[in-house]
Amino acid sequence: MAKADGEPGRRDTESAAPLESTASFLDSIVENIPHMIFVKDAAELRFVLFNKAGEDLLGLRRDALIGKNDADLFPREQATFFVAKDREVLSGKGLVDITEEPIQTRHGLRVLHTKKIPIVDARGEPRFLLGISEDITERIRLEERIRRADERQRVLAQTSAALAPIGGDPLSAAARLALPVGGDGCIFLVDAASGAPRAVVAHVDHTREERWRRLVESSNLVERFSGSARAMLEAGQPLVLNEIDHATLASFTTNKKDAEELASLGTHALLLVSLRGRDQRLGTLVFLRDVTQRGFDEDDRAFAERFAQRLAGDLDNARLYRELERAEASQRFLGDAAERLAGSLDFEELVRLVPHLALPFLADWCVIYLFEDGQMRRFSVAHVDPSREPFIVATAERYPPGGKQPGAEPARTLKPVLNPVVDDALLDRVCVDADHKALARRIGTASAMAVPVRARGRVLGSISLGRGSDRPRYQSHDLTVAIALADRVGIALDNARLYQEAQAALRARDEFLSIASHELRTPLTTVCLSVDLLARGLQTGWSLDACIARVEGTQKQLARLKRLVDGLLDVSRIAAGKLILELGEVDLCALCGEIVERIAEEARRVGSELCFRGSCARTIRADAMRLEQVLTNLLTNALRYAAPAKVHVQVEVGDEGARLSVRDEGMGISSADLGRIFDRFERGGTSGAHGGLGLGLYIARQICEAHGGTIRAFSEPGRGAEFVITLPVEPPPC
């Protein structure tokens with residue numbers, strides 16, 4: 001019996017574990033489902049369960065939701081709707097599918113697709129209500145955007161037909177076609193110069209349409225739209241005014257009655273887009289909303305811009321052929337100019353060629369100014385009338401571009417200058433004196449422009465162009481061609497410069513290879529000879545002292561060869577960005593003292609003297625081996641070029657950093673050499689007599705800069721030279 005009594009208990013224990021596992025498994029599923037899941041009790045419709053997705057959707061923690069009902073959480077209208085649907089579910093005891101259910105959340109209004117179903121007990125009575133909601137807000141918005149995009153595309157597709165009707169006003173037809181896709185109302189404010197009607201009004205509400213028409217015709221509303229917003233519209237930017245207040249509406253008219261009429265129309269959004277032809281503004285397209293309570297968004301703006309573009313294109317078609325001819329001529333001109341520029345890589349030849357390229361298609365006269373040593377000094381000129389060229393040359397020589405002169409402004413601001421009319425007022429403003437003004441008049445300029453010449457991020461100079469009174473005035477399309485010409489000129493001049501630099505680099509490379517082969521061959525030849533002599537000496541019974549002397553000589557040549565090879569390897573590392581510093585605490589005074597002591601014997605051998613003075617209040621963090629390399633190089637150079645003069649080494653280290661100088665009393669360095677001695681493969685004017693690859697100072701500069709410091713050279717011929725190194729206490733992080 002005991003066994004029998006124990007069996008049910010054992011079975012209960014065995015069945016409890018799977019049940020607990022199943023409940024945990026179901027809880028995990030509910031918690032991780034991406035849709036909101038909630039459960040309400042059937043009696044009071046209070047929430048008893050919410051998953052994480054529900055928390056994220058509503059923006060509330062579940063402890064703020066559990067035990068609450070809809071009236072506690074949502075606006076009354078929404079709560080009433082939710083409760084009604086819940087009662088419908090519980091009374092019908094079946095699934096209720098709510099395809100679109102708006103709900104107010106902490107993140108704003110969202111739209112849900114909700115399914116609700118009762119959970120009944122064993123007797124079939126509802127105990128709970130289960131709801132599953134999917135957030136379809138973005139899908140609804142996307143569908144609405146697609147629908148509106150389809151409508152806009154239909155309107156755009158029909159625009160061309162509307163603009164060319166058999167009878168009637170084409171602009172009126174186009175304005176009506178845009179309703180209500182573009183807005184509740186559409187107004188064209190077209191400039192009178194275009195020959196089209198000054199104002200066209202269409203509205204979805206005929207009564208409002210008449211009221212708007214009267215406003216446009218009787219008030220200064222047109223001038224306000226096309227005037228106050230002109231600056232922005234001229235720049236090609238649409239103007240969007242959403243949620244307009246009464247003050248803004250009142251500013252559109254100075255008439256009190258018209259202002260009251262505007263206020264009564266209830267306009268709350270305006271969208272203004274410029275109607276632009278190919279070279280001028282034709283007017284303004286206005287969309288307004290005073291029925292639909294919605295502002296204009298990016299899709300509305302994009303549609304308005306495309307719609308305005310089609311309208312402006314149709315209004316400007318009368319000039320299309322002339323524009324096409326001009327564009328083709330400009331392309332032929334630019335193509336010919338590019339071909340002529342590509343025919344030479346001689347910089348001087350190109351400078352002389354450039355002014356002639358612009359004549360006579362683009363200008364009667366042309367001047368190119370180029371920077372030289374930071375100043376616009378170099379120039380080349382051309383004139384269709386050769387007898388007037390001397391006046392241009394005299395102007396360029398006596399009055400180089402600067403200050404207020406148009407020729408200097410593009411190079412300074414990188415913005416082109418267009419002066420369609422050159423009159424006395426302009427000449428008074430830009431000319432330096434009366435002679436300058438007289439020369440400008442003798443050149444004969446009625447219209448002028450200037451553009452920058454640049455290439456690969458560098459400003460090379462500027463090009464100035466002018467036309468006489470018998471030629472059309474410059475317009476924006478002429479400036480565009482001038483800019484395109486200047487771009488081609490800049491690339492051609494820069495290519496010529498790069499070609500010349502490449503040729504110079506090749507010559508420098510060949511010279512370096514010649515020097516390097518000589519410098520490397522010298523110690524190598526000496527080593528080979530020493531080894532041969534040593535071998536013969538050992539065979540013929542040389543003394544030990546003679547052998548040691550020969551070995552020491554060989555070691556010196558090998559050390560020299562090693563220094564040359566190490567220099568080349570350092571250059572390779574620097575070029576590859578692999579110059580790595582082994583940082584540690586360095587007593588700079590002690591380090592310099594050791595190096596001076598080590599080189600003192602060599603200094604005495606060449607008849608020189610090393611004088612060292614140091615004052616180090618602290619250590620610095622640096623690469624001792626690399627600093628030793630730098631100081632050794634400076635001292636070796638000083639002994640090489642300044643002996644038998646004295647060489648002074650001075651070190652000072654404080655909390656602000658370290659300063660190390662090596663000064664000799666030798667012949668000094670010429671100003672021509674001083675500016676380039678830190679360049680790679682550069683050697684001073686007397687280097688040929690002393691050998692070397694021209695790498696020591698280049699490597700020294702790279703090492704100093706890697707430490708976050710500097711190295712500079714100061715010298716005057718006949719008064720010695722000084723190299724000054726400054727180093728921070730702590731190098732910057734890599």
Side-chain angles (χ1 to χ4, degrees), residues 75 77 100 102-111 136-156 174-189 200-205 207-209 211-212 215-216 221-222 224-233 235-253 258-275 283-309 311:
E77 185 177 348
E100 290 188 19
I103 182 171
Q104 191 66 43
T105 73
R106 292 292 177 89
H107 310 300
L109 186 66
R110 310 296 293 178
V111 180
I136 60 171
T137 307
E138 300 306 323
R139 188 182 76 192
I140 294 295
R141 291 175 180 172
L142 180 59
E143 290 173 350
E144 176 62 18
R145 286 190 66 185
I146 292 173
R147 183 190 65 77
R148 289 165 56 195
D150 289 342
E151 289 182 353
R152 292 187 176 112
Q153 193 60 39
R154 174 185 57 80
V155 170
L156 291 172
R176 202 158 300 283
L177 178 65
L179 304 177
V181 177
D184 298 330
C186 177
I187 303 175
F188 293 136
L189 306 175
V200 174
V201 179
H203 202 285
V204 294
D205 185 322
T207 302
R208 287 176 178 261
E209 181 177 311
R211 293 170 65 185
W212 272 107
L215 272 173
V216 170
L221 193 63
V222 171
R224 287 288 181 173
F225 281 150
S226 58
S228 63
R230 184 176 296 274
M232 191 168 185
L233 295 172
Q237 296 294 324
L239 181 61
V240 180
L241 301 173
N242 285 327
E243 299 181 4
I244 303 175
D245 55 25
H246 289 293
T248 303
L249 285 173
S251 71
F252 289 139
T253 177
D258 290 341
E260 292 174 353
E261 176 70 353
L262 274 172
S264 66
L265 282 168
T267 303
H268 67 274
L270 288 170
L271 171 57
L272 284 70
V273 181
S274 181
L275 291 171
T284 306
L285 164 65
V286 182
F287 282 123
L288 59 94
R289 287 198 170 125
D290 54 10
V291 176
T292 308
Q293 297 299 309
R294 184 170 66 84
F296 291 104
D297 56 22
E298 288 297 318
D299 291 340
D300 296 318
R301 190 180 76 169
F303 166 73
E305 289 180 305
R306 294 181 63 190
F307 187 64
Q309 183 180 14
L311 291 169

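Quick caveat: nothing in here was measured; it's all calculated off a predicted structure.
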Inset, instruction - Provide the closest heavy-atom pair for L109 versus P102 in the form atom of the first, atom of the second, distance. - result: CD1-CB, 4.2 Å
Inset, instruction - First locate atom CG of L272, then atom CD of Q237, and finally report the distance between them rounded to the nearest 0.5 Å. - result: 13.5 Å
Inset, instruction - With the side chain counted from C-beta on, respond yes when E77 and Q104 share a heavy-atom pair under 4.5 Å apart, and no when they do not. - result: no
Legend entry - Non-hydrogen side-chain atoms of F287 and L270 separated by less than 4.5 Å: no
Inset, instruction - Could you pull out the closest heavy-atom pair between G183 and V204, with the gap in Å? - result: O-CG1, 4.4 Å
Inset, instruction - Check whether any side-chain heavy atom of W212 sits under 4.5 Å from a side-chain heavy atom of D290, and report yes or no. - result: yes
Legend entry - Which atom of N242 lies closest to which atom of G295, heavy atoms considered: OD1-CA, 3.3 Å
Inset, instruction - Apply the test side chain to side chain contact (heavy atoms under 4.5 Å, CB included) to residues L215 and L265: give CA-CA distance (whole Å), side-chain angles for both, the deciding distance (0.1 Å), then the verdict. - result: CA-CA 11 Å; L215 272 173; L265 282 168; 3.6 Å; yes
Legend entry - Minimum-distance pair of heavy atoms, taken over all atoms of V216 and V201: CG2-CG2, 4.1 Å
Legend entry - Separation of L275 CG from F307 CZ (nearest 0.5 Å): 9.5 Å
Inset, instruction - Evaluate the side-chain proximity of V291 to R208: yes if any heavy-atom separation is below 4.5 Å, no if none is. - result: yes
Legend entry - R301 side chain reached by E305 side chain, heavy atoms, under 4.5 Å: yes
Legend entry - Within-4.5 Å side-chain heavy-atom neighbours: R110 and E138: yes
Legend entry - Flag, side chain of H268 to backbone of T292, donor-acceptor distance under 3.5 Å: yes
Inset, instruction - Begin from the C-alpha positions of D205 and R211 and carry the test side chain to side chain contact (heavy atoms under 4.5 Å, CB included) through to its verdict. - result: CA-CA 10 Å; D205 185 322; R211 293 170 65 185; over 6 Å; no
Legend entry - Nearest non-hydrogen partners of L179 and A202, listed with the distance: CD1-C, 3.6 Å
Legend entry - C186 side chain near L285 side chain, heavy-atom distance below 4.5 Å: yes
Legend entry - Side-chain ion pair, E243 and R289, N-O less than 4.0 Å: no
Inset, instruction - Evaluate the criterion salt bridge (Lys or Arg N to Asp or Glu O under 4.0 Å) for residue pair R294 and D300; output intermediate values, then yes/no. - result: CA-CA 11 Å; R294 184 170 66 84; D300 296 318; 3.3 Å; yes
